[in-house]
Amino acid sequence: MECDKVQRAGVRIMKTAEYNPRHPASASKDNHCYIKMLCAFIAAVFLTTLTVSLPLGQDSHGGADTPLRFSEDGTFQISIFEDLHFGENAWEQWGPQQDVKSTGVMNAVLDAESPQLVVLNGDLITGENTFLENSTTYIDQIVAPLVERDLPWASTYGNHDSDFNISRRNILGRERLYRNARTSQMVFGEDAGVSNYYLPVFSSDGGWEPCLLLWFFDSRGGFKYQQTDESAQKIGQPNWVDHSVVDWFQKTRDSLNAHFNRTIPSLAFVHIPTNASRALQLDVGVDPYTEPGIDEDTPLAGQAQGWCADGTSDSDCEYGAQDLPFMKALTSTAGLLAVFSAHDHGWCFKWNNTLPGMDFTGNGLNLCFGQHSGYGGYGSWSRGSRQVLLTEASLAESEIDTWIRLESGDVISSVTLNATYGLDRYPPTADTHE
Ligand SMILES: *[C@@H]1O[C@H](CO)[C@@H](O)[C@H](O)[C@H]1NC(C)=O
Ligand SMILES: *[C@@H]1O[C@H](CO)[C@@H](O)[C@H](O)[C@H]1NC(C)=O
Ligand SMILES: *[C@@H]1O[C@H](CO)[C@@H](O)[C@H](O)[C@H]1NC(C)=O
Ligand SMILES: *[C@@H]1O[C@H](CO)[C@@H](O)[C@H](O)[C@H]1NC(C)=O
Ligand SMILES: *[C@@H]1O[C@H](CO)[C@@H](O)[C@H](O)[C@H]1NC(C)=O
Ligand SMILES: *[C@@H]1O[C@H](CO)[C@@H](O)[C@H](O)[C@H]1NC(C)=O
């Protein structure tokens with residue numbers, strides 16, 4: 001398998017980085033070896049690029065002792081929960097009851113699926129309804145089904161995760177009280193957002209070269225924590241991936257690829273979709289047979305919506321185009337197979353053309369939404385969770401299987417994101433509601 005080949009190359013590279021493992025990478029799975037090999041990975045990357053902060057081994061949390069890895073049968077599955085919106089109207093029944101029902105969705109999906117990682121793709125909490133003294137404690141409820149199953153998870157934060165009484169930084173702090181939290185922060189500028197980081201996924205055979213990189217981006221939005229302007233109004237935050245993050249992504253991606261001397265396949269997660277998704281929806285058109293999935297968020301809300309080109313927030317400005325550098329970076333990333341967004345919900349679209357207002361061309365990147373998972377927030381579509389299944393073999397072919405598991409147990413919108421996605425015909429997705 002491709003990953004095996006890669007893994008042998010990795011051992012060589014680690015030796016050149018002056019780490020001389022006592023055991024070959026695949027020989028032993030004891031903890032001692034784990035930690036040593038992890039250190040080797042960290043040291044290797046650290047030597048290459050001092051600007052890269054690391055997802056592993058920084059402290060006692062973050063699951064440093066259990067790196068993400070393809071399972072023994074060579075598969076790696078991700079379950080994406082998005083727009084859970086915990087913490088609606090705490091002062092009445094509608095709210096606390098939604099949270100109980102959202103926990104039910106997570107339990108139903110996780111009983112039916114066997115992921116190695118859960119992604120919480122933003123809007124974990126409805127921040128505007130929270131109280132200062134306990135706003136982040138909703139994290140405890142959200143992660144309970146994951147802690148029970150000892151599943152690692154990784155979050156991106158959404159526009160509702162920042163408000164007067166809640167901050168992304170404090171949500172991260174709450175998450176990191178748990179050993180299984182992999183959410184991290186690798187870009188530290190004041191306006192960069194928080195959930196910008198990557199996670200490596202290693203091969204099934206115990207090797208320590210990443211077979212897959214998972215990139216998480218913070219599309220920000222919402223309001224500043226505990227701040228108001230002269231007229232006592234909450235202060236809005238930009239709703240696109242900050243340009244400092246785009247720079248960090250490109251540098252980090254390039255140094256990882258250079259260090260491992262290959263293009264490492266990757267997936268990306270970001271709460272708010274880019275204008276490309278909007279343009280595909282409005283200008284190209286979603287075909288229910290070739291891009292199955294609900295398509296009722298029309299027009300969908302993309303990054304930089306409601307901002308002017310000069311960076312001022314103004315609802316008269318439809319779109320400020322500040323997501324152009326991010327889109328450019330995504331389409332120029334070899335090996336990036338798909339970007340999973342939330343905020344809106346439904347289909348996957350292969351972006352293979354030039355869209356209005358852009359001087360660059362989609363490179364076949366798949367842009368996917370998931371299913372609304374929470375009972376908070378708007379919309380009454382059947383709740384569910386997008387599943388992403390990779391195998392070491394399919395990764396070599398740049399193929400991903402993905403489907404949506406509904407709370408009811410039904411599977412919808414099951415597709416293969418391969419070279420002919422967009423041409424292959426599938427049964428359309430029924431438009432079901434709660
Ligand atoms: C947070 O505090 C509010 C107000 O006291 C309360 O109604 C709500 O249930 C609390 N939420 C949690 C998760 O403890
Ligand atoms: C923030 O929390 C405080 C303290 O619980 C509460 O009194 C206030 O109403 C909340 N403010 C907003 C804007 O939600
Ligand atoms: C990098 O990989 C190429 C083939 O893909 C190979 O020719 C070259 O020798 C490798 N460089 C190093 C430093 O291993
Ligand atoms: C953003 O999408 C809209 C809707 O399709 C389109 O009219 C506009 O030209 C796009 N802008 C850019 C810069 O891509
Ligand atoms: C892509 O997957 C679909 C569905 O499984 C299949 O019909 C099609 O032949 C595949 N295309 C390629 C190029 O493998
Ligand atoms: C892009 O995909 C569409 C189907 O979604 C297909 O009709 C078209 O030929 C493709 N274009 C290119 C340049 O591959």
Side-chain angles (χ1 to χ4, degrees), residues 2 5-17 44 47-48 87-92 95 125-138 160-167 170 209 222-229 231-236 239-241 254-265 272-286 295 297-309 317-331 334-335 341 344 349 351 353-362 365 367 396:
E2 194 65 18
K5 262 191 248 159
V6 159
Q7 182 264 322
R8 283 193 294 277
V11 173
R12 270 203 318 277
I13 287 164
M14 280 172 190
K15 279 182 178 163
T16 63
L47 286 172
T48 315
E88 301 265 5
N89 307 10
W91 49 89
E92 61 182 22
I125 297 171
T126 300
E128 62 270 36
N129 290 0
T130 57
F131 296 84
L132 182 60
E133 62 276 11
N134 68 3
S135 57
T136 62
T137 58
Y138 289 101
H160 288 275
D161 294 313
S162 278
D163 212 286
F164 186 73
N165 277 343
I166 195 165
S167 73
N170 290 346
E209 167 136 2
F223 295 89
K224 293 198 170 168
Y225 183 56
Q226 296 289 294
Q227 287 182 45
T228 49
D229 62 15
S231 32
Q233 298 301 307
K234 297 191 293 191
I235 302 171
N239 59 354
W240 58 88
V241 174
D254 291 349
S255 27
L256 286 166
N257 286 340
H259 177 79
F260 291 104
N261 194 26
R262 61 187 281 261
T263 300
I264 307 170
I272 307 180
T274 61
N275 195 64
S277 296
R278 188 177 156 98
L280 287 167
Q281 182 189 50
L282 298 182
D283 299 337
V284 181
V286 178
D295 183 34
D297 279 322
T298 318
L300 58 83
Q303 294 184 24
Q305 182 172 309
W307 289 74
C308 308
C317 288
E318 205 188 322
Y319 169 65
Q322 286 90 349
D323 59 342
L324 282 172
F326 182 54
M327 289 191 281
K328 254 186 214 181
L330 294 176
T331 54
S341 299
D344 300 290
F349 214 120
W351 178 14
N353 51 5
T354 306
L355 295 169
M358 301 186 204
D359 61 357
F360 52 98
T361 302
L365 178 63
L367 301 181

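Every number for a ligand or one of its atoms is a count from 1 in the order of the listing.
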J.: Kindly state if atom 14 (O) of ligand 2 has a protein heavy atom within a strict 4.0 Å cut-off, that is, under 4.0 Å?
T.: yes
J.: So is Tyr319 polar-close to ligand 4, meaning N/O to N/O under 3.5 Å?
T.: no
J.: Taking only heavy atoms of Ala279, which atoms of ligand 4 are found under 4.0 Å from at least one of them?
T.: 2 (O), 5 (O)
J.: Should the proximity of Glu133 to ligand 2, defined as any heavy atom under 4.0 Å, be assigned to the side chain, the backbone, both, or neither?
T.: side chain
J.: Within the structure, does Leu132 bring an N/O atom to less than 3.5 angstrom of an N/O atom in ligand 2?
T.: yes
J.: For ligand 4, is any non-hydrogen atom under 4.0 Å from Ala321's backbone (N, CA, C, O), its side chain (CB onward), both, or neither?
T.: neither
J.: I'd like to know if the side chain of Thr331 reaches the main chain of Met327, judged simply by a donor and an acceptor atom lying under 3.5 Å from each other, with no hydrogens or angles considered.
T.: yes
J.: For a 4.5 angstrom cut-off between non-hydrogen side-chain atoms, does Trp91 reach Asn129?
T.: yes
J.: Nearest 0.5 Å please: distance from the CD atom of Gln227 over to the CD atom of Gln233.
T.: 14.0 Å
J.: What protein heavy atom lies closest to atom 8 (C) of ligand 4? Include the residue and the distance to one decimal.
T.: Asn275 ND2, 3.8 Å
J.: Would a distance-only check, ignoring hydrogens and angles, find a side-chain to backbone donor-acceptor pair under 3.5 Å from Asn239 to Gln305?
T.: yes
J.: Heavy atoms only, cut-off 4.0 Å: how does Thr130 contact ligand 2, side chain, backbone, both, or neither?
T.: backbone
J.: Nearest protein heavy-atom contact for atom 12 (C) of ligand 2: which residue, which atom, what distance?
T.: Asn165 ND2, 3.4 Å
J.: Kindly confirm or rule out an N or O of Met327 lying under 3.5 angstrom from an N or O of ligand 4.
T.: no
J.: Of all the non-hydrogen atoms in the protein, which one sits nearest to atom 9 (O) of ligand 4, and at what distance?
T.: Pro356 O, 3.3 Å
J.: Taking Arg278 first and then Asp283, would you say they form a salt bridge - that is, a charged N and a carboxylate O separated by under 4.0 Å?
T.: no
J.: What residue and atom, counting heavy atoms only, is the protein's closest point to atom 6 (C) of ligand 4, and at what distance?
T.: Asp283 OD2, 4.0 Å
J.: With a 4.5 Å cut-off on side-chain heavy atoms, are Asp323 and Val241 touching?
T.: no
J.: Under 4.0 Å and counting heavy atoms only, is there anything from the protein next to atom 2 (O) of ligand 2?
T.: yes
J.: Trp351 side chain to Asn353 main-chain N or O, any donor-acceptor pair under 3.5 Å?
T.: yes
J.: Between Gln281 and Asp297, is there a donor-acceptor pair closer than 3.5 Å when you use the side chain of the first and the backbone of the second?
T.: yes
J.: Which residue, Ile235, Asp163, Leu132, Asn165, forms the side-chain contact (heavy atoms from CB on, under 4.5 Å) with Tyr225?
T.: Leu132
J.: Students should be able to answer this: which protein heavy-atom is nearest to atom 7 (O) of ligand 2, and at what distance?
T.: Phe131 CD2, 4.9 Å
